[in-house]
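Reading through the structure tokens given below for one structure.
Just follow the structure's listing: the first ligand is 1, and inside any ligand the first atom is 1.
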Amino acid sequence: MTPSPIVDVAESAEDLAERAAIWLTTRAALARSRWSLNLSGGSTPKRVYELLGGAELRRRIDWRKAHLFWGDERFVPHSHPDSNYKMASDAMIAHVPIPAPQVHAIRTDVDSPEKAAALYAATLEDFYGSVSLDPERPLFDVTLLGLGEDGHTASLFPGSCALDERRAWVVPVVGVKPQPRITLTYPALESSRDILFLVAGAEKREILARVLGGDRSLPAARIATRGAIRIFADKAAVSAG
Ligand code: 6PG
């Protein structure tokens with residue numbers, strides 16, 4: 001990872017979620033105009049979303065400034081239990097006063113994952129106001145990412161050709177997992193002021209150590225941004241020695 005990540009170690013998964021949610025709330029409060037948050041799927045962020053959408057924190061965020069995006073999505077209807085949109089919607093979006101046009105979901109009600117990727121790229125370009133990324137002007141204020149036990153992040157899986165994509169911002173990922181997916185590519189994910197990895201549980205310990213050790217065969221280890229990388233982990237996910 002470049003730059004070297006700042007690692008925040010929490011006592012427990014619940015503590016991790018609270019720390020990440022408070023960090024995000026504070027960050028959102030610093031935004032002068034719009035604030036773009038790129039959401040992740042996975043179980044670890046779900047609790048963070050519940051806290052952001054909960055009675056205490058949701059009042060501290062000016063949702064009129066927030067724009068929500070997704071780093072990846074499964075090519076399933078938004079009502080499907082595997083939908084990353086549904087997860088974030090149930091946990092957070094349904095409970096906060098964000099204007100609907102500021103929720104930029106990856107559309108899956110189209111013919112193909114290719115079409116979904118093309119539409120999402122257009123959505124991002126429209127929001128950003130350009131088709132080329134300016135290193136001085138990140139696309140996202142914050143990108144949330146998870147870490148899979150195989151080292152994947154977003155839907156960038158080991159060995160997938162999506163890892164070599166440097167031009168397109170969004171690509172379909174077909175034939176890697178049972179469900180096709182749509183993922184943002186490195187250039188788009190990396191165009192973030194802050195990238196936050198949320199990593200919890202002893203089953204992540206070995207892979208997190210390899211990522212931190214710089215094993216470039218792991219997609220998560222290859223994230224390189226001009227912004228900052230922060231890893232919110234719980235004690236169980238961090239090696240003892
Ligand atoms: C997804 C994700 C994925 C996830 C990791 C970690 O849609 O599955 O975006 O990259 O973040 O698989 O998931 P957990 O937090 O559930 O371990």
Side-chain angles (χ1 to χ4, degrees), residues 1 5 8 10 12-17 19-21 24 37-52 68-78 80-93 104-108 113 116-117 120 140 142-160 162-163 170-174 176-186 188-190 192 195-212 218-223 229-238:
M1 286 177 177
D8 181 288
S12 62
E14 180 63 16
D15 185 31
L16 177 166
R19 293 166 84 94
L24 287 165
L37 174 61
N38 185 21
L39 303 171
S40 158
S43 55
T44 320
K46 186 169 178 222
R47 183 68 189 133
V48 178
Y49 303 158
E50 285 170 355
L51 290 168
L52 292 174
L68 301 178
F69 294 89
W70 276 260
D72 73 326
E73 183 57 283
R74 292 114 200 261
F75 192 62
V76 295
H78 281 171
H80 192 282
D82 293 339
S83 161
N84 284 343
Y85 168 81
K86 178 176 167 47
M87 189 274 273
S89 177
D90 292 351
M92 175 176 75
I93 300 165
H104 308 276
I106 298 177
R107 282 184 53 187
T108 53
Y120 206 55
F140 304 114
V142 180
T143 285
L144 297 179
L145 289 173
L147 174 64
E149 284 175 55
D150 59 355
H152 82 262
T153 193
S155 285
L156 296 172
F157 293 95
S160 146
L163 302 181
V170 190
V171 293
V173 179
V174 180
V176 180
K177 289 278 155 183
Q179 284 160 341
R181 296 182 180 215
I182 293 96
T183 191
L184 267 59
T185 57
Y186 284 121
L189 294 169
E190 290 171 351
S192 303
I195 294 181
L196 248 65
F197 278 88
L198 305 176
V199 187
E203 62 283 7
K204 299 286 172 72
R205 186 180 296 174
E206 190 191 325
I207 200 73
L208 179 57
R210 284 177 58 197
V211 167
L212 291 172
L218 306 173
R222 286 164 59 174
I223 292 274
I229 304 178
R230 294 164 201 277
I231 300 182
F232 281 80
D234 67 354
K235 259 170 127 175
V238 177

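- Residues satisfying the side chain to side chain donor-acceptor pair (under 3.5 Å) test with K86, not counting sequence neighbours, are D90.
- Contact annotation: for D72 versus ligand 1, heavy atoms closer than 4.0 Å belong to the side chain alone.
- Relative orientation of the F69 and H104 rings is parallel, given thresholds of 30° and 60° on the angle between their planes.
- Sparse packing is recorded around CD of E206, with 12 or fewer heavy atoms of other residues, nucleotides or ligands lying under 6.0 Å away.
- The side chain of K204, and not its backbone, has at least one atom closer than 4.0 Å to an atom of ligand 1 (non-hydrogen atoms only; side chain from C-beta on).
- For ligand 1, one of its N or O atoms has an N or O atom of G41 under 3.5 Å away.
- Defined by atom type and a distance below 3.5 Å, a donor-acceptor pair is missing between the side-chain atoms of T183 and D72.
- With hydrogens and angles disregarded, no donor-acceptor distance shorter than 3.5 Å links the side chain of R107 to the backbone of Y120.
- On a distance-only criterion, A154 and ligand 1 share at least one N/O pair closer than 3.5 Å.
- Checked against side chain to side chain donor-acceptor pair (under 3.5 Å), K235 has the following partners two or more places apart in sequence or in another chain: E11.
- Taking only nitrogen or oxygen atoms, main chain and side chain alike, S155 does not reach within less than 3.5 Å of ligand 1.
- By the criterion of a heavy-atom distance under 4.0 Å, the backbone of L147, and not its side chain, is placed next to ligand 1.
- Residue G146 has at least one heavy-atom neighbour below 4.0 Å for each of these atoms of ligand 1: 11 (O).
- Geometrically, ligand 1 and T153 share no nitrogen or oxygen pair separated by less than 3.5 Å.
- Ligand 1 does not have E149 within reach: every non-hydrogen atom of the residue lies 4.0 Å or more from it.
- The closest approach between any non-hydrogen atom of R74 and ligand 1 is below 4.0 Å.
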